[in-house]
Q: 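What follows is a single structure, and I will ask about it in a moment.
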Amino acid sequence: MKTENPKPSPAVETIPDISFELLNQARDGMVIIDDQNMILYANPAAETLWGYDPGTLVGRPVGELLAASVGNDGSLSFAEETPALEPVAGEVTFENRSGNYISAEVSLTAARLGKGGRTYRLMMVHGITGAGHRSRVMELQNTVFRSLSSEIQIQDVADMVCREVEVLVPNTVAVLIQLDEQNRLRILSGPGMPRRLAAALEEMRLTDADIAALANDLGEATTIVWDSYRSVGISLGLHHCWASAIRTRNGRIIGIFALYSRSERNRSEWPSHIVSSCVPFCGVLIEQHEARRHISQLSNYDPLTGFLNRTAVHKVIRSMIGQPGDNHFALYMIDIDRFRDINDALGHINGDGFLKSVSERLKGISRSNYILSRSGSNEFLIIVPNTSQEDALKFADRLHECVKQPIEIGGNMIVPTLGIGISLFPENGPDGESLLSYAEQAMRHAKRSGLGMTHLARSEDNKAAQDRLLLGSALRESLAQGLLNLHYQPQIDVRNNTLYGVEALSRWNHPTLGNIYPSRFIAVAEETGQIEAIGTWSLERAVQQILEWDAHGIYVPTVAVNLSAGHFRNRNLPGFIARLLSDSKLEPHRLTVEITESVMMTENEDTNMVLQAIRNLGVALSMDDFGTGYSSLSRLTRLPLTEIKIDRSFIMNLEHDANAQAVTTAVIGIGGRLGMTVVTEGVETVRQLDLLCRLGCDVVQGYLFARPMAPQKLEEWIRDGGLQAVLKQAEEERAASSAS
């Protein structure tokens with residue numbers, strides 16, 4: 001039943017009848033407001049917009065109309081005591097008394113009327129129709145397409161879509177969800193989405209039946225993202241949901257677009273219509289996201305492991321360093337021990353399978369915010385944000401632990417081990433190159449320490465790298481100019497107290513850098529590839545020195561020269577030694593070549609052939625520093641050795657350490673049974689000498705007898721009876737000890 005229009009108030013009676021009728025029949029809402037912000041008149045259109053019964057708006061404060069406003073551009077205000085006369089306009093969205101959201105264009109016009117000059121305002125309200133809303137959706141669609149053709153990130157475009165939809169349907173939360181390759185829900189955008197509900201949705205994996213249901217009815221998406229989570233949503237302040245699946249042209253379901261309402265009231269069909277209208281361009285958005293991700297995968301990711309490649313991780317490191325605030329993180333450089341052996345023995349296909357298995361284990365213990373990269377053939381980088389030094393070391397332990405279970409590759413069970421170097425930002429450098437350099441140095445240090453080791457970068461490591469660079473250049477120059485020289489340390493045959501021979505030791509006194517210890521420059525020579533040149537020079541110089549001593553009437557039975565492992569991979573080495581002996585007419589037994597245990601570790605057909613060829617020349621072969629590396633008795637018996645040298649580390653505590661005595665006794669016994677001469681280094685006291693003699697050692701050398709000396713000093717030591725003086729002093733010390 002139509003209600004009669006209310007009788008106009010006295011203030012309106014002065015308006016001509018025709019003007020009043022025009023206001024009364026206007027399709028737009030018309031509201032007259034006095035200078036106290038009270039409603040003097042509201043036409044039927046205004047009452048309908050706000051959902052008030054006829055005649056019930058008059059006498060109410062106008063602020064009540066906009067109290068339920070959920071969107072106001074700020075240009076409309078009713079609070080001024082003296083309203084301005086200039087017209088103002090704006091757009092507002094409000095919730096009417098029926099619970100529906102109304103978007104409207106509102107304009108205010110003011111005028112002073114009557115004798116007292118009181119100010120009145122006319123508010124004109126034009127409700128935006130469904131066609132207007134559709135126009136805004138089309139505008140949003142065009143904005144999306146323009147954005148996708150630019151360099152704007154997909155995530156930013158998706159966020160923009162959600163925000164704009166939340167403006168179209170106020171008091172809602174819009175969410176764009178992608179379906180990944182495993183049919184899991186992944187939130188592509190949902191700025192207002194409660195985390196708890198987002199986490200619950202991302203734990204869901206759709207079944208084939210779910211996919212079939214969505215393909216048959218896109219509206220089934222509401223069942224998936226709401227019906228099962230209604231109680232969770234309500235507890236988070238969400239009361240209704242409208243959702244639609246997103247389907248490509250070929251029928252594949254790729255995502256869901258959902259709109260959740262914070263209002264408890266039922267809504268009209270408008271939110272559902274908005275969702276349906278947005279689905280087509282949301283589908284384009286997801287397809288573009290997949291395409292860009294695929295391109296990014298090809299350019300930024302390692303195809304074998306799926307980790308970031310070297311170029312991409314360097315960008316990430318620069319980005320992390322550039323972040324503001326107290327930013328810190330740990331960078332792990334990880335190298336798989338003995339991977340080359342696996343590749344060579346089992347082939348590259350099995351090697352790739354082994355790498356993939358290791359990478360999956362590394363990923364399995366890494367959190368979602370960790371950065372993983374494959375930076376080399378068997379090298380990985382892991383970046384752990386916001387971690388302390390202590391926690392960084394704990395995670396390294398977990399890395400070692402996660403790979404210790406065997407991996408079956410090509411019918412073989414292989415237990416991986418890792419060499420791990422760790423650098424920290426900002427402690428180890430202000431830039432990515434410094435961090436990577438520190439981590440690599442630390443990793444190499446870990447590899448040198450043995451299998452399955454970790455090393456934390458220190459400032460000394462970088463200094464050592466710079467030191468190596470400087471020394472490497474200076475060493476190359478010194479070799480070319482003949483600035484290196486050899487010193488010689490006597491070796492004493494304790495079976496007859498005579499000179500057994502001498503060991504040649506490289507010395508380097510640089511014109512500007514000064515005297516450089518062998519422990520420094522030999523390591524540099526090995527890393528810079530100059531160690532073989534030093535070894536070749538040492539052989540030549542030692543042979544010349546023997547000839548010079550012979551010419552001076554000084555007989556040195558043999559000179560031992562230490563060669564690196566690289567020499568014994570060179571098949572030309574025996575020929576070089578043969579020519580050297582032939583040209584100098586030196587008897588082969590007067591030259592001894594010392595090898596390290598690393599030669600034993602890299603034993604192969606070429607190495608064995610080179611060693612046997614040298615021994616066939618009549619040159620002695622000595623195993624230097626026996627017991628400090630990875631010696632095995634089976635390998636020891638296969639090598640054509642004439643000597644074993646016991647490292648000084650066993651002798652330091654020989655007088656007091658029963659274990660050191662047991663090891664030394666065992667080595668002396670092994671050498672004797674294999675027919676090898678046993679030489680012990682580092683003898684510094686008479687008690688050590690006497691104990692070694694009782695254990696059956698053959699030859700000793702150390703500071704008790706003499707330090708390494710220049711050739712002329714050694715010649716004087718021999719002429720002046722240096723050995724006899726030491727033996728006499730030792731006898732006096734024994735006598736004094738017995739008397740006390």
Side-chain angles (χ1 to χ4, degrees), residues 479-480 482 484-491 499-507 518 522 525-526 529-551 554-626 635-636 638-645 674-677 679 699 701 708 711 714:
L479 270 172
L484 268 67
N485 54 75
L486 291 178
H487 282 201
Y488 301 88
Q489 186 172 36
Q491 298 172 322
L499 181 66
Y500 174 80
V502 295
E503 180 182 6
L505 300 165
S506 300
R507 293 293 183 266
I522 292 298
E526 288 176 343
Q530 300 179 76
I531 191 66
E532 290 191 42
I534 291 177
T536 301
W537 165 82
S538 297
L539 283 171
E540 292 175 336
R541 186 70 197 95
V543 168
Q544 292 173 5
Q545 188 58 60
I546 294 174
L547 298 179
E548 290 177 14
W549 282 327
D550 285 350
I554 300 296
Y555 181 72
V556 175
T558 183
V559 176
V561 178
N562 198 312
L563 297 183
S564 71
H567 282 92
F568 299 98
R569 293 191 291 268
N570 184 353
R571 294 190 175 199
N572 296 323
L573 179 62
F576 171 78
I577 294 176
R579 287 192 299 275
L580 192 61
L581 295 173
S582 174
D583 292 345
S584 63
K585 296 183 173 50
L586 184 70
E587 295 171 305
H589 68 84
R590 299 188 67 186
L591 180 63
T592 298
V593 172
E594 293 188 357
I595 67 174
T596 60
E597 284 189 314
S598 60
V599 176
M600 185 181 290
M601 285 298 296
T602 57
E603 179 191 2
N604 53 44
E605 185 179 344
D606 286 348
T607 302
N608 290 341
M609 186 200 74
V610 169
L611 290 172
Q612 190 60 59
I614 293 173
R615 186 71 193 100
N616 291 342
L617 293 174
V619 174
L621 285 174
S622 175
M623 171 63 71
D624 193 18
D625 299 336
F626 182 77
R635 286 176 171 173
L636 193 65
R638 292 198 300 269
L639 298 177
L641 300 173
T642 58
E643 283 183 8
I644 303 176
K645 296 187 73 174
L674 293 176
M676 301 177 188
T677 300
V679 181
V699 177
Q701 71 181 86
L714 178 69

Q: Working to the nearest 0.5 Å, report the span between CG of L586 and CD of Q544.
A: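 The CD atom of Q544 is 11.5 Å from CG of L586, to the nearest 0.5 Å.
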Q: Could you grab the distance from atom CG of N562 to atom OG of S622, nearest 0.5 Å is fine?
A: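 Answer rounded to 0.5 Å: 8.5 Å.
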Q: The criterion is side-chain hydrogen bond (donor to acceptor under 3.5 Å, both in side chains); which residues satisfy it with Q701, sequence neighbours excluded?
A: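 If we apply the side-chain hydrogen bond (donor to acceptor under 3.5 Å, both in side chains) test to Q701, skipping adjacent residues, the hits are Q489, Q491, E503, K645.
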Q: So, for I595 and L639, which heavy atoms are closest and what is the spacing to 0.1 Å?
A: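 Here I595 and L639 meet closest at CD1-CD1, 4.5 Å.
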Q: Keeping to residues at least two apart or across chains, list the ring-ring contact (aromatic ring centres under 6.0 Å, His included) pairs with something in residues 529-551.
A: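 Applying ring-ring contact (aromatic ring centres under 6.0 Å, His included) to every pair that reaches into residues 529-551, excluding sequence neighbours, yields Y488-W549.
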Q: Partners of R571 by side-chain hydrogen bond (donor to acceptor under 3.5 Å, both in side chains), sequence neighbours excluded?
A: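 For R571 the side-chain hydrogen bond (donor to acceptor under 3.5 Å, both in side chains) partners, ignoring immediate neighbours, are D606.
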Q: When you compare the side chains of T592 and T558, does any donor N or O come within less than 3.5 Å of an acceptor on the partner?
A: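 Present: a donor and an acceptor within the cut-off.
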Q: The test is side-chain contact (heavy atoms from CB on, under 4.5 Å); show your working for T677 and Y500 and say whether it passes.
A: CA-CA 11 Å; T677 300; Y500 174 80; 3.9 Å; yes
Q: State the CG-CG distance between N485 and L505, to the nearest 0.5 angstrom.
A: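 CG of L505 is found 11.0 Å from CG of N485.
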Q: Rounded to the nearest 0.5 Å, what separates atom CE in M623 from atom OG1 in T642?
A: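 So the CE of M623 and the OG1 of T642 are separated by 11.0 Å.
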Q: For the CG atom of L486 and the CD1 atom of I534, what is their distance to the nearest 0.5 Å?
A: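 The distance works out to 10.5 Å.
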Q: Considering non-hydrogen atoms only, spot the tightest contact between V593 and L563 and give its length.
A: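 Looking at all heavy atoms of both residues, the closest pair is CG1-CD1, 3.7 Å.
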Q: Would you indicate whether the side-chain heavy atoms of I644 and V679 approach each other to under 4.5 Å?
A: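 Not touching, per the 4.5 Å side-chain cut-off.
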Q: Testing the basics here: between S506 and S538, what is the closest heavy-atom pair and its distance to 0.1 Å?
A: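 Looking at all heavy atoms of both residues, the shortest contact is OG-OG, 3.7 Å.
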Q: Minimum heavy-atom separation for A560 to E594, with atom names?
A: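 Result for this residue pair: CB-OE2, 3.4 Å.
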Q: For E548, enumerate each residue passing the salt bridge (charged side-chain N to carboxylate O under 4.0 Å, His left out) test, keeping only those at least two apart in sequence or located in another chain.
A: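 Result, salt bridge (charged side-chain N to carboxylate O under 4.0 Å, His left out) vs E548: R541.
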Q: Passes side-chain contact (heavy atoms from CB on, under 4.5 Å), L714 versus I554? Steps please.
A: CA-CA 10 Å; L714 178 69; I554 300 296; over 6 Å; no
Q: Looking at side-chain heavy atoms only, is the closest gap between F568 and I614 below 4.5 Å?
A: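 Side chain of F568 against side chain of I614, heavy atoms only: contact under 4.5 Å found.
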Q: If I compare all heavy atoms of L611 with all of L621, which pair ends up nearest, and what's the gap?
A: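 Heavy atoms only, the tightest pair is O-CD1, 3.5 Å.
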Q: Under the side-chain contact (heavy atoms from CB on, under 4.5 Å) criterion, do H567 and V610 qualify, and how do the steps go?
A: CA-CA 9 Å; H567 282 92; V610 169; over 6 Å; no
Q: Does E587 have any side chain to side chain contact (heavy atoms under 4.5 Å, CB included) partners at least two apart in sequence or in another chain, and if so, which?
A: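 With sequence neighbours excluded, E587 shows a side chain to side chain contact (heavy atoms under 4.5 Å, CB included) to H589, R590, given in chain and number order.
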Q: Would you please test V556 and D550 for side-chain contact (heavy atoms from CB on, under 4.5 Å) and show each step?
A: CA-CA 8 Å; V556 175; D550 285 350; over 6 Å; no
Q: Less than 3.5 Å apart, any donor N or O on the side chain of Q612 or N608 sitting next to an acceptor on the other?
A: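 There is no such pair (donor and acceptor under 3.5 Å, judged by atom type) between the side chains of Q612 and N608.
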Q: Sort and list the pairs that fulfil salt bridge (Lys or Arg N to Asp or Glu O under 4.0 Å) and have at least one residue in residues 608-622, not counting sequence neighbours.
A: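 Matches after skipping sequence neighbours: none remain.
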Q: Could you report the tightest heavy-atom contact between A542 and V559, atom names first, then the distance?
A: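 Taking A542 first and V559 second, the nearest heavy atoms are CB-CG1, 3.8 Å.
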Q: Rounded at 0.5 Å granularity, tell me how far CD in E532 sits from CG in L573.
A: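 Here the rounded value is 9.0 Å.
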